[in-house]
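Worksheet for the structure shown next.
First listed ligand is number 1; within each ligand, the first listed atom is number 1. All residue numbers refer to positions in the sequence shown, counting from 1.
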Amino acid sequence: MYTLRDAINNRYSTKAFDPDKKISDSDIELLKQVLRLSPSSTNVQPWHFVIASTEAGKNRVAKSTQENYKFNEAKVLNASHVIVFAAKQNIDDAHLDKVLAKESVDGRFEKGSEIEAQMNNGRRYFVGLNQTSDEAIKAWTGKQVYLNLGQFLLSTALLGIDSVPIEGFDAEILGKELGLTAQGFDPLALVALGYKDENDFNAKLPKSRLAIEEIITDL
Ligand SMILES: Cc1cc2nc3c(=O)[nH]c(=O)nc-3n(C[C@H](O)[C@H](O)[C@H](O)COP(=O)(O)O)c2cc1C
């Protein structure tokens with residue numbers, strides 16, 4: 001386990017993975033819980049994740065890293081695991097009912113109680129605010145998925161696992177290949193995970209960020 005300070009300094013976008021190094025099952029189980037336990041607005045959880053760890057699975061994901069995205073293909077193929085982060089295209093009653101029922105089963109309130117009604121109304125209110133158009137609801141669900149992605153990247157670093165987030169892939173191809181589009185999800189990003197190749201040029205470069213004084217205002 002690394003400290004938070006180690007993790008934020010050591011995490012970097014891995015450009016070359018060692019194909020022989022695999023993430024342990026116990027770390028993958030923990031990372032699945034990271035995906036599951038991420039916060040989201042009103043606990044709406046508008047996401048689905050596909051995890052490719054076999055050669056066949058990674059080859060399917062790599063169908064979306066061809067042509068313009070060829071620069072990302074080796075990252076997908078040589079990583080130990082690749083996670084596809086997908087966002088719901090829409091929030092329907094069935095999803096809202098499912099979330100509410102699970103909160104009740106998990107013991108957050110009694111079924112049929114006043115608190116249940118408040119939770120239901122509150123979530124539906126926020127969904128309604130953001131469901132003004134197809135594009136608006138996708139922007140909102142996408143924000144929730146990216147929040148999950150950020151927490152996920154930090155978590156991998158705390159476990160000493162190398163990673164790279166990837167937006168450079170063909171979402172239309174991947175959505176069809178994995179059946180996500182047909183199930184009402186858009187793939188937004190990938191995260192390739194594993195352990196860096198010792199020759200990864202990016203591991204040796206210093207971090208570059210704008211200065212604290214430029215990005216933060218203290219009041
Ligand atoms: C949403 C997102 C998408 C990214 N897409 C790619 C990508 O397709 N390929 C790649 O090599 N790096 C990608 N990156 C990595 C960024 O270039 C990198 O995070 C940034 O330059 C900061 O460097 P660091 O992560 O090494 O600290 C992406 C990063 C983010 C957050």
In this structure, CG of L100 is separated from CZ of F109 (nearest 0.5 Å) by 4.5 Å
Indicate yes or no: does E67 engage K70 in a salt bridge with an N to O separation below 4.0 Å.
no
Under 4.0 Å from atom 17 (O) of ligand 1, is there any protein heavy atom?
no
Pairing of D97 and R124 as salt bridge, 4.0 angstrom limit:
yes
Quiz question for you: does at least one protein heavy atom lie closer than 4.0 Å to atom 30 (C) of ligand 1?
yes
the protein heavy atom lying closest to atom 10 (C) of ligand 1 turns out to be K15 NZ, 3.5 Å
For the pair F17 and Y195, evaluate ring pair (Phe, Tyr, Trp, His ring centres under 6.0 Å) and give the outcome as yes or no after the intermediate values.
CA-CA 6 Å; F17 288 94; Y195 297 96; 8.8 Å; no
Does a side-chain heavy-atom distance below 4.5 Å link L31 with S155?
yes
The protein heavy atom nearest to atom 20 (C) of ligand 1 is S13 OG, 4.6 Å
Examine the proximity of ligand 1 to Y146 and report which part, side chain or backbone, both or neither, has a heavy atom under 4.0 Å away.
side chain
Under 4.0 Å from a heavy atom of G168: give me the atoms of ligand 1 that qualify, with their elements.
8 (O)
Side chain E177, main chain I173, donor-acceptor under 3.5 Å:
no
Does any non-hydrogen side-chain atom of P165 lie less than 4.5 Å from one of L153?
yes
Identify, by atom number and element, the atoms of ligand 1 in contact range of Y12, meaning under 4.0 Å from any of its heavy atoms.
26 (O)
Which atoms of ligand 1 sit under 4.0 Å from any heavy atom of K207?
24 (P), 26 (O), 27 (O)
Looking only at protein heavy atoms, what sits closest to atom 28 (C) of ligand 1 is P165 O, 3.3 Å
Return the residue, atom name and 0.1 Å-rounded distance of the protein heavy atom closest to atom 5 (N) of ligand 1.
E167 N, 3.0 Å
Keeping H95 on the side-chain end and V44 on the backbone end, is there a donor-acceptor pair under 3.5 Å?
yes
For K75, the ligand 1 atoms whose distance to one of its heavy atoms is below 4.0 Å
9 (N), 10 (C), 11 (O)
Could you list the atoms of ligand 1 found under 4.0 angstrom from a heavy atom of N72?
7 (C), 8 (O), 9 (N), 10 (C), 11 (O)
Hey, is atom 26 (O) of ligand 1 under 4.0 Å from any protein heavy atom?
yes
Are L190 and L193 connected in a single hydrophobic cluster, I mean Ile/Leu/Val/Met/Phe/Trp/Tyr linked by side-chain heavy atoms less than 4.5 Å apart?
no
